[in-house]
**Student:** 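Right, I'll just put the structure down here and ask away after.
Hydrogens, waters and symmetry mates play no part in the numbers below; they use all other heavy atoms, side chains included.
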Amino acid sequence: MRTLTMKFGGTSVGDAQALSQAAEIVLNCAKEWERLVVVVSAASGVTDSLMRGALTAASGDGQTYLSIESELRERHREVVRGLLPSSGESASLLAMVDEQLAEFTAFCGSIHVLGEVTPRAMDTIVSAGERINAGLMAALLRQRGAFSVAVDATELIVTDATFQKAVPLMDPTRARIAERLVPLLADGVIPVVTGFIGATLNGEITTLGRGGSDFSAAILGDCLDSDEVWIWTDVDGVMTADPRLVPQARLIPVLSYAEVAELAYFGARVLHPRTIRPVVERGIPLWVKNTFNPDCPGTRIIQEAENACGAVKAVTAIKDLSMVAVEGRGMMGVPGIAARTFAAVASEGASVLMISQASSEQSICFVIPTDTVPSVVRAIEEEMAAELRRRDIDRVWSMDEMVIVTAVGAGLRRTPGVAARTFGALALGDINVVAVAQGSSECSISLVVSAEDAADAVRQIHNEVILNG
Ligand code: ASP
Ligand code: MG
């Protein structure tokens with residue numbers, strides 16, 4: 001029994017035209033796959049708006065959530081009017097939209113009174129976006145002749161109670177899916193499941209973290225023993241670089257899980273690696289495809305890197321970073337300085353993106369988001385107060401407006417000379433490299449450059465190392 005699980009992201013179901021296109025894709029696939037499950041996100045921007053409504057209400061603003069309500073009502077009504085005018089269902093769909101948004105408003109009203117929004121309340125509030133879209137998509141499929149029903153993932157995906165970033169409990173989830181989803185599939189129904197949301201065993205609504213619909217699709221794909229999982233988005237797949245920065249950027253046909261993880265960590269807009277793990281670990285082929293260009297095959301994500309591909313596959317940049325240096329001649333040979341430095345960094349909750357220590361041991365440098373610099377520097381100065389007084393450490397300082405440029409590819413491990421070519425490319429572009437690190441995964445090389453050089457650095461590495469690689 002061939003099973004396909006597919007997920008449509010926010011822009012793929014963002015307005016009437018996109019939903020219509022997505023429905024066409026579903027209907028075409030239904031001809032070729034015996035069992036087909038569809039997962040939908042909220043329309044693009046809706047989750048953000050719902051959150052903003054709750055947050056502004058909590059901070060005493062009694063107006064914003066009301067205007068968000070009417071904006072979202074109008075937006076979804078337009079979809080109903082545009083796509084389902086004659087379906088005989090439009091009245092009940094409009095009522096469904098109204099009911100979901102009325103609930104949102106009621107919640108925001110209470111939050112406004114309480115002056116506080118808990119993570120648990122937030123999860124309930126944002127669930128409206130996915131719920132509305134699942135209802136709309138299922139109705140659209142019915143109108144076009146398919147058997148389809150909307151299914152609320154709170155009935156399928158059982159999670160722990162970590163609101164806003166819940167972890168699925170796979171055994172009960174598997175059981176629920178076998179009980180509720182499999183019979184529908186056996187009857188030839190196309191279930192349209194809400195992405196992003198789940199519920200605890202007690203039935204409290206949870207969410208799987210921002211962008212969590214991919215995770216929903218992976219969980220369903222795993223539990224249904226899907227033959228494939230397809231993630232529909234608004235770009236052709238994963239690209240060799242951000243096309244806004246590098247016009248020559250190309251589609252990457254195949255990527256390994258480790259490469260995806262590295263790319264996501266270093267700022268590329270791809271799947272969150274945690275979310276796709278269930279399918280990749282089971283060896284279920286996963287594809288990223290473009291709703292607006294469905295004939296393009298997209299990017300295939302596989303478990304292990306294949307040999308045939310080039311050494312470097314993609315180059316990314318992360319902005320708004322600073323480099324912090326702890327410097328002093330008295331640091332040499334003194335154990336524990338690094339450990340204490342990073343304990344101080346961690347105590348401020350800052351995440352370190354890159355570290356390098358000169359072998360002379362006279363400085364430790366690391367890169368952190370710029371907005372965390374003041375508190376991190378203060379924490380290190382407090383921790384090292386004695387060393388600073390004795391002048392074993394001369395200073396703790398930071399350089400702002402830094403960017404990490406990362407070249408990613410599993411082939412880096414096996415191909416000598418890639419680092420040299422990467423630096424050569426930068427030298428050709430007359431770009432100064434402030435610091436360097438190679439990840440222990442050996443799947444990436446990262447360079448720190450100043451913000452003004454970042455775009456050039458990305459282009460140089462892309463065109464010299466990837467295209468000519
Ligand atoms: N709608 C949710 C979000 O914006 C989930 C998703 O889009 O995957 O985070
Ligand atoms: Mg989204």
Side-chain angles (χ1 to χ4, degrees), residues 5-27 30 36-47 49-50 68-107 123-157 180-181 184-185 187 189-199 203 205 207-208 212-213 216-217 220 232 291:
T5 302
M6 56 166 67
K7 171 247 164 177
F8 291 94
T11 44
S12 299
V13 285
D15 56 26
Q17 210 189 336
L19 259 167
S20 173
Q21 170 73 13
E24 261 338 283
I25 289 173
V26 173
L27 295 171
L36 179 58
V37 178
V38 177
V39 176
V40 288
S41 296
S44 48
V46 167
T47 309
S49 295
L50 295 169
I68 288 175
E69 183 201 6
S70 37
E71 192 188 300
L72 293 181
R73 173 174 294 121
E74 197 35 50
R75 185 169 169 192
H76 288 111
R77 279 177 167 257
E78 212 176 285
V79 173
V80 176
R81 283 195 297 260
L83 291 179
L84 300 141
S86 56
S87 72
E89 285 201 60
S90 71
S92 65
L93 289 170
L94 292 173
M96 180 272 291
V97 170
D98 283 348
E99 188 193 328
Q100 288 298 323
L101 292 172
E103 230 170 79
F104 160 74
T105 310
F107 267 112
D123 278 354
T124 301
I125 287 169
V126 295
S127 68
E130 269 68 14
R131 206 166 274 139
I132 292 173
N133 257 1
L136 297 180
M137 175 64 107
L140 187 53
L141 292 173
R142 286 194 293 271
Q143 177 181 266
R144 296 191 182 176
F147 296 111
S148 178
V149 293
V151 179
D152 206 302
T154 52
E155 294 177 22
L156 301 176
I157 297 179
R180 313 241 164 125
L181 214 50
L184 287 176
L185 292 169
D187 285 345
V189 173
I190 303 172
V192 180
V193 182
T194 54
F196 185 42
I197 65 178
I205 300 176
T207 61
L208 302 168
S213 299
S216 311
L220 293 179
W232 292 98
T291 306

**Student:** Check whether any side-chain heavy atom of D152 lies under 4.5 Å from a side-chain heavy atom of R131, and answer yes or no.
**Tutor:** yes
**Student:** Taking CD in E24 as the centre, count heavy atoms belonging to other residues, nucleotides or ligands within less than 6.0 Å. Is the count above 12?
**Tutor:** yes
**Student:** Taking atom CG of L185 and atom CG of L181, what is their separation to the nearest 0.5 Å?
**Tutor:**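 Here the interatomic distance stands at 5.0 Å.
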**Student:** Is there a side-chain contact between M96 and I132, using heavy atoms and a 4.5 Å cut-off?
**Tutor:**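 The answer is yes, as the side chains (C-beta and beyond) meet within the 4.5 Å cut-off.
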**Student:** Taking C-beta and beyond as the side chain, do E78 and D15 meet within less than 4.5 Å on heavy atoms?
**Tutor:** no
**Student:** Might you work through the salt bridge (Lys or Arg N to Asp or Glu O under 4.0 Å) test for E71 and R75, ending with a clear yes or no?
**Tutor:** CA-CA 6 Å; E71 192 188 300; R75 185 169 169 192; over 6 Å; no
**Student:** Can a donor-acceptor pair be found, under 3.5 Å and without considering hydrogens, that links the side chain of R142 to the backbone of S148?
**Tutor:** yes
**Student:** Starting at CD1 of I197, measure out to OG1 of T207 and round the result to the nearest 0.5 Å.
**Tutor:** 9.0 Å
**Student:** Does one side chain, of T291 or Q21, offer a donor that lies under 3.5 Å from an acceptor on the other?
**Tutor:**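 No - no donor-acceptor pair under 3.5 Å links their side chains.
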**Student:** Indicate yes or no: at least one non-hydrogen side-chain atom of W232 is less than 4.5 angstrom from one of K7.
**Tutor:** no
**Student:** Are side-chain heavy atoms of L136 and V80 found at a separation under 4.5 Å?
**Tutor:** yes
**Student:** Give, for atom CD1 of I25 and atom OG of S12, the distance between the pair rounded to the nearest 0.5 Å.
**Tutor:**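 So the gap between those two atoms works out to 7.5 Å.
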**Student:** With distance as the sole test, does Q143 use its side chain to make a donor-acceptor pair with the main-chain N or O of L83 at under 3.5 Å?
**Tutor:** yes
**Student:** With side chains defined as the heavy atoms from C-beta onward, is the minimum distance between F8 and V39 less than 4.5 Å?
**Tutor:** no
**Student:** Between N133 and S41, is there a side-chain heavy-atom distance shorter than 4.5 Å?
**Tutor:** no
**Student:** Under a 3.5 Å distance rule, please check whether S20 uses its side chain to pair with a backbone N or O of A16 as donor and acceptor.
**Tutor:** no
**Student:** Given V46 and L72, is the side-chain contact (heavy atoms from CB on, under 4.5 Å) satisfied, shown in steps?
**Tutor:** CA-CA 8 Å; V46 167; L72 293 181; 4.0 Å; yes
**Student:** Are any non-hydrogen side-chain atoms of V40 and E130 less than 4.5 angstrom apart?
**Tutor:** no
